[in-house]
Asker: 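Below you will find the structure I want to go over with you.
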Amino acid sequence: MQSEAKNAANPPAALWIGRAMSGLVVAFLIFDGGIKLAPLSVVTETMQQLGYSGSPELARGLGVMTLAIALLYALPRTSILGAILLTGLLGGAMATHLRAGSPLFSHLFFGLYLGLIAWGGLYLRNIRLRRLIPLRQDS
């Protein structure tokens, strides 16, 4: 986050709000990856309910992948790559919940909510991303 703090064009409030939003995403991903590494019975049972094998090996593989994405997203140099990979992970989760007929707002759209928070946090804390995708045109 050194490069973020150096850039005077990034307002301090936006930087800290972005860090808080990104921190929430990283905390959730660490929790989610951690319970899959264990793997807790709730994880394997839920995987079976969603149509997957529920094997501990599959759960651990998903846990490692989730933790790797969390690390990539948390590090400033790789945060955009992490956000792209996270978007793919969340898209797969949403597709799974759609196929399984999960409730719309609590399960299916959870991936959308988390993705919006992740990209919003990254947008607020990364001046390069804001320059790449401006929300408004400066005159």
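Reckoned from all heavy atoms, side chains included, excluding hydrogens, waters and symmetry mates.
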Asker: Quick check for you: to the nearest 0.5 Å, what is the distance between I80 atom CD1 and L85 atom CG?
Answerer: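 If I round to the nearest 0.5 Å, the distance is 12.0 Å.
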Asker: Indicate if I30 and V64 have the same hydrophobic cluster label, given that clusters are the connected sets of ILVMFWY residues with side-chain heavy-atom separations under 4.5 angstrom.
Answerer: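 In one cluster with I30: V64, yes.
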Asker: Is there a side-chain contact between L90 and L112, using heavy atoms and a 4.5 Å cut-off?
Answerer: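 The answer is no; the side chains never approach within 4.5 Å.
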Asker: Hey, what do you get for CG (L72) to CZ (R77), rounding to the nearest 0.5 Å?
Answerer: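 CZ of R77 is found 13.5 Å from CG of L72.
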Asker: Where do L50 and A100 come nearest, in terms of heavy atoms and distance?
Answerer: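 Nearest heavy atoms, L50 then A100: CD2-CB, 3.7 Å.
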Asker: Under a 4.5 Å cut-off applied to non-hydrogen side-chain atoms, are P39 and L58 in contact?
Answerer: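 When only atoms from C-beta onward are counted, L58 and P39 do not touch, as no gap falls below 4.5 Å.
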Asker: Can you confirm whether R99 is buried at CZ, in the sense that more than 12 heavy atoms of other residues, nucleotides or ligands lie under 6.0 Å from that atom?
Answerer: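 Atom CZ in R99 is packed in, count exceeds 12.
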Asker: So which atom in G63 and which in K36 form the shortest heavy-atom distance, rounded to 0.1 Å?
Answerer: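 So the minimum-distance heavy-atom pair works out to CA-CB, 3.7 Å.
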Asker: I84, I69: one ILVMFWY side-chain cluster at the under-4.5 Å cut-off?
Answerer: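 Yes; I69 is reachable from I84 via cluster members.
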Asker: Is the F28 to F110 ring centre distance short of 6.0 Å?
Answerer: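 They qualify: ring centres under 6.0 Å apart.
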Asker: Which heavy atom in M47 sits nearest to a heavy atom in L62, and how many Å separate them?
Answerer: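 Minimum heavy-atom contact is CE-CD1, 4.2 Å.
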Asker: For Y113, is the OH atom crowded, meaning more than 12 foreign heavy atoms sit under 6.0 Å from it?
Answerer: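 It does: Y113 OH has more than 12 such atoms within range.
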Asker: For Y123 and I133, indicate whether the former's side chain and the latter's backbone hold a donor-acceptor pair under 3.5 Å.
Answerer: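 Yes, Y123 side chain to I133 backbone: donor-acceptor pair under 3.5 Å.
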Asker: Answer yes or no: is there a side-chain heavy-atom contact under 4.5 Å between R130 and N126?
Answerer: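 Contact flag for R130/N126 side chains = no.
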Asker: So how far is it from I117 CD1 to L122 CG, rounded to the nearest 0.5 Å?
Answerer: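 The CD1 atom of I117 sits 13.5 Å away from the CG atom of L122.
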Asker: Should L24 and L15 be counted in the same cluster of Ile, Leu, Val, Met, Phe, Trp and Tyr side chains packed under 4.5 Å apart?
Answerer: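 Hydrophobic grouping puts L24 apart from L15.
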Asker: Using a 3.5 Å distance criterion without hydrogens, assess whether the side chain of T78 forms a donor-acceptor pair with backbone atoms of L81.
Answerer: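 Judged by distance alone, no pair lies under 3.5 Å.
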Asker: Can you see which heavy atom on L124 is nearest to which on I17, and at what distance?
Answerer: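 Smallest heavy-atom distance, with atoms named: CD1-CG2, 3.7 Å.
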Asker: Do L67 and L89 share a hydrophobic cluster (ILVMFWY, side-chain heavy atoms under 4.5 Å, transitive)?
Answerer: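 Same cluster.
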Asker: Which heavy atom of L29 sits nearest to which heavy atom of T66, and what is that distance?
Answerer: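 Nearest heavy atoms, L29 then T66: O-CG2, 3.4 Å.
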Asker: Are the side chain of S79 and the backbone of P76 linked by a donor-acceptor contact shorter than 3.5 Å?
Answerer: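 At least one qualifying donor-acceptor pair exists.
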Asker: Got a donor-acceptor contact below 3.5 angstrom from the Y73 side chain to the V25 backbone?
Answerer: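 Such a contact is absent between Y73 side chain and V25 backbone.
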Asker: Under a single-linkage definition using a 4.5 Å side-chain heavy-atom cutoff for Ile, Leu, Val, Met, Phe, Trp and Tyr, are Y52 and M65 assigned to the same hydrophobic cluster?
Answerer: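 Hydrophobic grouping puts Y52 with M65.
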Asker: For the residue pair H97 and H107, what are the closest heavy atoms and their distance?
Answerer: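 Looks like ND1-CB, 3.9 Å.
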